[in-house]
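A quick write-up on the structure given underneath.
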Amino acid sequence: MRKLSLKAGITSKGAVLLGKYVACDSHDEARPLRVVTHAHADHTIALNKSLQQCEIVLMTPATKDLLSILKGELFLMRGNVKTLNYQKPFEYRDERITFFFADHILGSAQVLVNDSGSRILYTSDFRMPKTPVIECDILVMEATYGCPHCTRPFREEIEDVIVDIVDKGLYEGPVYIFGYYGKLQEVMEILWNRGVKVPYIVPERVFQVCKVYEKYGRRIGRFWHSKSNRAKELTEKNEQFVGFYHMASRRRFKDTKNFKIMVSGWEFAEPCRQIGEKEYVIALSDHADFEDLLNYVRRCRPKLVLTDNYRIGYAKVLAREIRRRLGIKAVAAPPRKPKK
Ligand SMILES: [Zn+2]
C-alpha cells in the first residue's frame with residue numbers, strides 16, 4: 001500500500017489530487033478524471049484543457065447547469081462531461097468516487113475517493129452546520145477563514161440584520177444589493193422567506209442563475225429581468241424594488257443615490273457596517289469560519305489533513321492550529337503559495 005501522504009496533494013496549479021486518477025478544481029496532465037466541485041471561478045481553473053484532455057469531467061447536474069450559463073452553452077460540449085448525483089458512487093478502475101452535499105453555491109460537492117481501503121476526502125468550499133461531516137483517513141480542506149480571528153460570533157442574527165436594513169432602504173425607494181453568484185440568490189431566498197415581497201430586478205446572468213436555482217426547487221421570489229418593461233417602469237419611477245447585481249457591477253452604480261448593500265464574507269467584527277451615507281456591508285458568508293473548520297476536522301477524525309494553500313485563505317495557520325489544538329498531522333499544500 002502506498003504511504004497515506006502520497007494519496008493526496010495540491011499542485012502549484014491548484015489541482016487537488018485524490019487517489020491515483022482524480023484531479024479536482026484545476027487541470028493536471030497526468031490525471032484522466034477531472035472533478036469540478038462547484039461553479040466558482042477559482043474551482044474551474046483550466047477547465048478548457050481538462051475538457052480537451054481528460055477522459056471524463058465529473059460534476060453535479062446543478063454545477064453543469066450553472067457552468068452552461070457562466071461559460072456559455074457550447075463550452076462544456078468540448079469534453080466528455082458526466083454528471084454525478086450526491087451519494088451515487090462512480091467506479092473508475094480500482095477506485096470509487098462519491099460526491100456528498102456541501103452547503104455553498106448550488107451544486108457544490110465534497111469528493112470522497114476510496115482507494116485500496118483508504119478514504120480520501122476533499123471538502124472544497126463549504127459552510128456549517130448544513131454540510132455533512134464525512135469520516136476519512138486523509139482530509140483535504142479549504143482554508144479561506146483558517147485564522148483564529150476569522151470567527152463570526154453573530155451568525156444567528158444575520159438574517160434579521162439583512163431584512164432590517166433592506167426594509168429601512170425600501171422606505172426611501174429602491175435598494176441595490178451586490179454580491180457573488182450563489183450569495184445573491186441566498187439573499188433573495190432570505191428576503192422572500194421573511195416576507196420582503198417587493199419585485200426583485202436582476203440583470204441577464206443573475207437572471208439565468210436564478211432560473212437554475214428555481215429548477216432545483218429553491219424559492220427565491222418574483223424576479224424580473226432588468227431589461228423587461230416592468231423593471232424599466234419601476235426604475236424610472238424610483239419605486240420600491242430590490243436590485244441584485246454581481247459585485248463587479250458596483251462601479252456602474254457609484255452615482256446612484258439609492259440604498260446600496262454589499263454582501264461579504266470578510267466581515268468579523270459586526271454583522272452590518274456602514275461605509276457611506278446610504279451604503280452598507282453585510283457579513284454573510286458561504287464559507288465555514290475558523291471554529292467550524294476545526295470542528296469539521298475534530299468530527300472527521302482523519303490521520304492527515306492537507307489545507308488548501310493555493311486558493312485565498314490561511315492554509316499555514318490552519319494547519320498549525322490543527323496540529324496544536326487537535327494533535328492531528330496537518331500541512332499546507334502546496335508548501336509555498338504560488339504567485340498568480
Ligand atoms: Zn466557492
Side-chain angles (χ1 to χ4, degrees), residues 10 13-16 18 23-27 34-47 50 57-71 84 86 99-112 121-132 134 139-147 150 152 155 178-189 205-206 208-210 212-213 216 218 244 246-248 262-267 282-290 292-293 296 306-315 318 333 337-338 340:
I10 304 178
K13 291 183 174 155
V16 177
L18 308 175
C24 303
D25 295 351
S26 181
H27 185 68
R34 165 77 188 258
V35 169
V36 182
T37 61
H38 64 285
H40 283 146
D42 55 341
H43 295 262
T44 58
I45 300 162
L47 182 52
S50 297
V57 179
L58 275 175
M59 60 189 78
T60 61
T63 296
K64 187 182 176 194
D65 287 342
L66 288 174
L67 285 181
S68 299
I69 288 156
L70 300 175
K71 300 237 176 222
L84 192 61
Y86 299 123
F99 286 173
F100 290 89
F101 174 76
D103 182 20
H104 189 61
I105 188 176
L106 181 75
S108 294
Q110 307 183 75
V111 185
L112 178 70
L121 180 83
Y122 171 40
T123 61
S124 190
D125 293 347
F126 71 99
R127 173 177 50 182
M128 298 308 270
K130 288 188 189 150
T131 302
I134 311 298
L139 172 67
V140 185
M141 78 187 317
E142 67 138 316
T144 312
Y145 299 126
C147 186
C150 298
R152 282 178 219 95
R155 69 181 85 182
F178 301 92
Y180 293 102
Y181 299 124
K183 201 123 38 119
L184 287 175
Q185 282 71 25
E186 194 184 334
V187 176
M188 293 170 86
E189 203 169 30
R205 278 268 178 89
V206 181
Q208 296 299 345
V209 171
C210 287
V212 178
Y213 269 69
Y216 289 88
R218 302 278 288 263
F244 292 86
H246 192 272
M247 204 57 124
M262 261 70 69
V263 187
S264 166
W266 291 95
E267 296 284 317
I282 294 277
L284 182 69
S285 173
D286 49 10
H287 288 269
D289 72 3
F290 177 72
D292 287 334
L293 290 168
Y296 191 105
L306 301 184
T307 55
D308 185 349
N309 196 30
Y310 178 84
R311 291 168 184 83
I312 193 164
Y314 298 93
L318 180 60
K337 220 169 185 70
K340 283 171 242 173

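Numbering of ligands and ligand atoms starts at 1, following listing order.
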- Query: Does R152 make a cation-pi contact with F290 (under 6.0 Å, within 45 degrees of the axis)?
  - Reply: no
- Could E186 and R127 be called an ion pair, given the rule that one side-chain N must be under 4.0 Å from one carboxylate O? yes
- Query: Do E189 and R218 sit within salt-bridge range, that is, some charged N less than 4.0 Å from a carboxylate O?
  - Reply: yes
- Heteroatom N/O/S of H43 within less than 2.8 Å of the Zn ion (ligand 1): no
- Query: For the Zn ion (ligand 1), does an N/O/S atom of H40 lie at less than 2.8 Å?
  - Reply: yes
- Message: Using 30° and 60° as the class boundaries, would you call the ring planes of F101 and Y86 parallel, tilted or perpendicular?
- Response: perpendicular
- Return the name of the atom in D125, of element N, O or S, nearest to the Zn ion (ligand 1). OD2
